[in-house]
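Here is the naming used below: chain letters follow the sequence lines, and residue numbers restart at 1 for every chain.
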2 protein chains.
Amino acid sequence: MGLSRMLDVKPDPYVALCPSRKIIEVIGDKWSLLVIPLLIDGPKRNAELLRLIEGISQKMLTQTLKRLEEYNLVARRDYGEIPPRVDYRLTPLGQSLADVIGQLDNWVIKNFEELLHA
Amino acid sequence: MGLSRMLDVKPDPYVALCPSRKIIEVIGDKWSLLVIPLLIDGPKRNAELLRLIEGISQKMLTQTLKRLEEYNLVARRDYGEIPPRVDYRLTPLGQSLADVIGQLDNWVIKNFEELLHA
DNA sequence: CGGCATCCCTGTTGATACTG
DNA sequence: CAGTATCAACAGGGATGCCG
């Protein structure tokens with residue numbers, strides 16, 4: 001490990017303005033948590049996602065995908081055809097995140113009953 | 001596995017009204033994601049959490065803790081003293097969730113740079 | 001100290017309509 | 001089909017003050 005590494009400030013989401021706080025918010029977002037796992041088994045189109053995620057609006061889907069794209073978690077692909085054909089897929093970074101979220105999902109399913117009656 | 005198990009309907013957060021959707025929202029909450037890891041190394045008091053989590057308000061802290069308590073993730077302990085002394089700790093269920101969230105945190109820290117530039 | 005109740009404002013969100 | 005734009009509605013969340 002080089003000296004420069006030792007000088008790095010490690011991200012701390014408990015500090016309000018630390019960028020990692022924002023990242024926590026993006027990842028820990030209700031819709032992100034639903035969109036990301038859907039992309040694991042291949043690219044999906046806008047209308048497909050809209051149909052698969054009951055209750056999401058076009059607006060929220062677009063907004064969620066854009067934010068995930070900003071953070072390099074999802075890649076948007078426009079085929080330039082008419083009628084329009086666009087799909088979204090996980091980047092390698094997004095794939096690795098999807099694995100972690102998958103664990104979260106499994107946890108929820110596994111502990112579902114116990115969570116409910118509390 | 002008994003027959004009854006096979007008849008269980010598995011929770012599906014992609015259905016708007018499925019309770020698992022609500023659970024996803026509770027867990028995937030900005031403040032929950034910050035509070036839970038803090039409780040891993042022992043009980044914490046209200047004022048302590050307020051100080052540790054920069055930017056959280058009393059109102060949001062209370063609301064977050066209550067919701068986590070509802071889902072049996074956190075236990076509130078009132079010592080019945082005067083002045084008041086109350087602390088919050090993870091339940092066993094909460095502990096197991098904390099492990100998963102810890103993985104998410106580690107992922108964020110590990111991929112911090114890559115997320116930022118995007 | 002812990003935390004509830006209130007007020008109030010802002011931002012998020014949904015619905016609708018429109019465009020390339 | 002994929003998205004944008006606009007508007008109205010509502011809830012999230014902060015600030016303050018009060019109480020056990």
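Nucleotides of DNA chain C with any atom under 4.0 Å from a heavy atom of chain B span, from 5' to 3', C/dC1 to C/dC4.
Residue contacts for A/Lys30: at a heavy-atom cut-off of 4.0 Å it reaches no nucleic acid atom on any strand shown.
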Self-check item: Residue pair A/Leu38, A/Ile53: steps toward the side chain to side chain contact (heavy atoms under 4.5 Å, CB included) verdict
Solution: CA-CA 9 Å; A/Leu38 286 180; A/Ile53 308 173; 3.5 Å; yes
Exercise. Step by step, work out the salt bridge (charged side-chain N to carboxylate O under 4.0 Å, His left out) result for B/Glu25 and A/Lys30.
Key: CA-CA 5 Å; B/Glu25 290 175 36; A/Lys30 169 186 174 180; 3.4 Å; yes
Quiz prompt | Trace of the salt bridge (charged side-chain N to carboxylate O under 4.0 Å, His left out) decision for B/Arg89 with B/Asp87 | solution = CA-CA 7 Å; B/Arg89 69 195 64 208; B/Asp87 66 29; 3.0 Å; yes
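Checked by atom type and distance alone, the side chain of A/Thr91 never pairs as donor or acceptor with a backbone atom of A/Ala75 at under 3.5 Å. Between the side chain of B/Tyr88 and the backbone N or O of B/Leu39, no donor-acceptor pair lies under 3.5 Å. For the pair B/Tyr71 (side chain) and B/Val26 (backbone), a donor-acceptor distance under 3.5 Å is absent. A/Arg21 contributes a side-chain N or O that, together with a main-chain N or O of A/Pro13, makes up a donor-acceptor pair within less than 3.5 Å. Between the side chain of B/Glu48 and the backbone N or O of B/Arg45, at least one donor-acceptor pair lies under 3.5 Å.
Put simply, CG on B/Leu34 and OG1 on B/Thr64 are 9.5 Å apart, with the number rounded to the nearest 0.5 Å. Here CD of A/Glu114 is found 9.0 Å from CG of B/Leu73. Values are rounded to the nearest 0.5 Å. Rounding to the nearest 0.5 Å gives a distance of 5.0 Å between CD1 of B/Ile24 and CG of A/Asp105. Of the inter-residue distances, the one linking B/Ile36 atom CD1 with B/Gln95 atom CD reads 10.5 Å to the nearest 0.5 angstrom.
Listed by residue number, the members of residues 16-28 of chain B with any heavy atom below 4.0 angstrom from DNA chain D form an empty set. The stretch residues 79-88 of chain A touches DNA chain D through A/Pro84, A/Val86, A/Tyr88, each having a heavy atom under 4.0 angstrom from the strand. Of the residues in residues 35-65 of chain A, those placing a heavy atom less than 4.0 Å from an atom of DNA chain C are A/Ser57, A/Lys59, A/Met60, A/Gln63, in numerical order.
Overall, the helix from C/dC1-D/dG20 to C/dG20-D/dC1 carries an axis bend of 50° between its ends, with five pairs at each end and the value rounded to 10°.
Nearest heavy-atom pair across B/Ser32 and B/Ile27 is CB-O, 4.1 Å. Residues B/Ser96 and A/Trp107 approach most closely at OG-NE1, 2.9 Å, considering heavy atoms.
Applying the salt bridge (charged side-chain N to carboxylate O under 4.0 Å, His left out) rule to A/Arg67 yields the partners A/Asp29; only residues at least two apart in sequence or on another chain are considered.
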